[in-house]
Number of protein chains: 2
Amino acid sequence: MATIKDVAKKAGVSPSTVSRVIAGSNRISQETKERVRRAMEQLGYVPNAIARSLARSNTHTIGFTMCRRADQVFSNPFFPEAIRGMSAVAQEKDYNILLSISLTPEEELKKCLQLVRERRVDGLILSTSRVRDPLIEALVKENIPFVVIGRSADQPVRSVNNDNVKAGYQATLHLLDQGYRHIAYISGPQDLVVSMDRLTGYKQALIERDIPVVPERIEVAEISEEGGTQAMYHLREKGVPFDAVVAADDLLALGALRYAHEQGVHVPDELGIVGFNDTPIMSYTHPPLTSVRILSYQLGVEAMELLLEGLEHPEKAQTKKEILLPSELIVRKSSCPDRP
Amino acid sequence: MATIKDVAKKAGVSPSTVSRVIAGSNRISQETKERVRRAMEQLGYVPNAIARSLARSNTHTIGFTMCRRADQVFSNPFFPEAIRGMSAVAQEKDYNILLSISLTPEEELKKCLQLVRERRVDGLILSTSRVRDPLIEALVKENIPFVVIGRSADQPVRSVNNDNVKAGYQATLHLLDQGYRHIAYISGPQDLVVSMDRLTGYKQALIERDIPVVPERIEVAEISEEGGTQAMYHLREKGVPFDAVVAADDLLALGALRYAHEQGVHVPDELGIVGFNDTPIMSYTHPPLTSVRILSYQLGVEAMELLLEGLEHPEKAQTKKEILLPSELIVRKSSCPDRP
DNA sequence: CTGTTAGCGCCTTCAA
DNA sequence: TTGAAGGCGCTAACAG
């Protein structure tokens, strides 16, 4: 494998000259530039990224971390889509993406710190933010460039987020508009910021319409179909009547739908259902499920852009910046009694 | 950030001694080992992976490349699952995964060669193999360690594959066993090895049962729901009767189902449908769709293990090795007229 | 068992 | 406009 020295020799110049040609320095004669270029081509020379990283102490690599259990990966193209978005930007700006997948938040924290301390990455993109997230706290403390997909509930950090409060608000308002009055809510784990935010939106909508927020109508569940079904049974056991449910994730909505099937409850006439994420499954269920569509790809794009901007202009990196993306309610039969 | 020199100074030894402690050399006194360890801890020292890579000329990083259009990412957890598998093995053996996503095979080729030539990765895992795949040919030519998820139709390369021939065979035989006799086949793009293999299995099953293979019953389509629907219309236009269809991908099967809905064809009574991949969607359609389940996670695990084995024992890396994983037919209503 | 020395391949002053 | 020299942080002979 040819090195910079080989090229230098072949072109009859010094290695530093070659280095300058690579860097596109303009303080170099057109002629030697050409000569070096030819030598590079002839030798099939490609700069060694590792050596360059060592010399410049940056890697042009971004770490992307996700932390989720197997059953949550299923059926939700959020991550693949977000990654595609990040990847598109990364490619354009000549960055690479290092993937880190963990099963628990503790593992995630460990692996991320490892990546950074080993200097394998220039920055990180996180994808699941928790309330009082130790990972975020550690990264802030070690002063590591990072961007959160989601948002931090505690610290001013750079983030790109779906407007979950509004999404929860929209979903709930839609059900109200459809005539539902007793709307239950199935939340994901309470330590997830996204769960909190959607719940906030739900409450906002109710309050705005002068409908009391009944705590018994709010159920917390693991994000899984099973979790959704169980939550519905819990709601029923509590004896509070409800005629619709906002489920903070499509999987939970699927669980609610299963409950309805098991119990012979008619959707949407007796029970309206709305989910979040608009996973492809949603349009194939019976009835098809209304869901809030998230701009996953765009989230990835914006996150990567925000991070790279911070890396290339460190002065900006210090300023908090939260990008908020809109989401769109995809209305289907599960929330519309009057539809054919 | 502390370097090996700082540690050496603090422990009162030479950098090479520290290096040996890191490497876990046993030609070192227990006492200095302890002293060095303490120094490392006190300084919060973590070896710089880049510097180490440069010195040892390896990166402990594996590139994973995928090439697919946006619409194919949707709904199919194959990639996330395979990545989870690869990641689990990588973590255990202390490797990292660099992700490369491309939109076209040409782009994929370029990016992979770039990664390798820049020495960013020690090896590659490919995920879509084509007939006469230029990427595979280039990697073989440049003598780069890699493993294919899928298989090469042309060259002896190390690969981990789902047994697609058998899967196609199983799917078709199942339809025959259910009483269908005129079985059509919707293939994905013909340059994909996986398309070829599944078709082979289809033919095998027919031949084994002395049923003629009618070329007009075989249709090629882009892998998308739309492609599946169109293929069905084409089949109908050709005028060859058919009472069932094997669709080489779940999306194609969904398209076939849509055709049936549009045309008022009853599934499974008038038309049996089988798909491949068992994407989560399949159990939510009406009727639920029979599909061949792929061991995506396991494919990722085996691919990474195979690659790392080759990297750590270069003598083995030369030998061709094809791992074949079984798949399982998940039978649902779409292929069973007699089911409730 | 430990230190010295010489790279790994590139970048970046500093001089010329 | 170019070259020489030193360094990025670590490893790997070779001595001792």
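Each chain gets a letter, A, B and so on, in the order its sequence line appears, and its residues count up from 1. Model, not experiment: these values are computed from the prediction.
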### Task
Inspect the contact between B:Lys320 and B:Glu322 and indicate whether a charged nitrogen and a carboxylate oxygen are less than 4.0 angstrom apart.
yes

### Task
Whole angstrom is fine here: how far is it from CD in A:Gln30 over to P in D:dT1?
10 Å

### Task
Give A:Ile28 one of three labels, base, sugar-phosphate or nothing, depending on what nucleic acid heavy atoms sit under 4.0 Å from its own.
sugar-phosphate

#### Entry: Short N-O contact, A:Arg132 and A:Glu137, less than 4.0 angstrom
yes

### Query
Rounded to whole angstroms, how far apart are NZ on B:Lys9 and P on D:dG9?
12 Å

### Query
Axis-to-axis angle across the helix from C:dC1-D:dG16 to C:dA16-D:dT1, five pairs an end, to 10 degrees?
40°

### Query
Taking 4.0 angstrom as the limit, do B:Arg158 and B:Glu309 come out as a salt bridge?
yes

### Message
Heavy atoms only, 4.0 Å cut-off, all strands: where does A:Thr32 land among base, sugar-phosphate and nothing?
### Response
sugar-phosphate

### Task
Answer yes or no: is there a side-chain heavy-atom contact under 4.5 Å between B:Met86 and B:Ile62?
no

### Task
Between protein and nucleotides 11-16 of chain D, map the contacts as a letter string: B base, S sugar-phosphate only, - none, heavy atoms under 4.0 Å, written 5' to 3'.
SBBB--

### Task
Report yes if at least one side-chain N or O of A:Ser29 is closer than 4.0 Å to OP1 or OP2 of D:dT2; otherwise report no.
yes

### Query
Quick check: are there more than 12 heavy atoms from other residues, nucleotides or ligands sitting under 6.0 Å from NZ of B:Lys33?
yes

### Task
Provide, to the nearest angstrom, the distance between the CG atom belonging to B:Asp6 and the P atom belonging to D:dG9.
9 Å

### Message
Test your reading of the model: is there a side-chain donor-acceptor pair from A:Ser296 to the backbone of A:Glu81, 3.5 Å cut-off?
### Response
no

### Message
Is it true that B:Asn96 and B:Thr61 share a donor-acceptor pair across their side chains at a distance under 3.5 Å?
### Response
no

### Task
Answer yes if the side chains of A:Ser19 and A:Ser16 hold a donor-acceptor pair under 3.5 Å, and no otherwise.
no

### Query
Does a side-chain heavy-atom distance below 4.5 Å link A:Arg117 with B:Asn48?
no

### Query
Are any of the side-chain nitrogens in B:Lys111 or B:Glu107 under 4.0 Å away from the carboxylate oxygens of its partner?
yes

### Query
Does OP1 or OP2 of D:dG9 have a side-chain N or O of B:Thr3 closer than 4.0 Å?
no

### Query
Parallel, tilted or perpendicular for A:Phe64 and A:Phe79, by the 30°/60° rule?
tilted

### Message
I need the CZ-C1' distance between A:Arg119 and D:dC10, as an integer number of Å.
### Response
15 Å

### Task
Nearest whole angstrom, please: distance from the C1' of D:dG9 to the CE of B:Met40.
15 Å

### First and last nucleotide of DNA chain C, 5' to 3', lying under 4.0 Å from heavy atoms of chain B
C:dC1 to C:dG9

### Query
Roughly, in whole Å, what's the span from CD in A:Glu31 to P in D:dT1?
12 Å

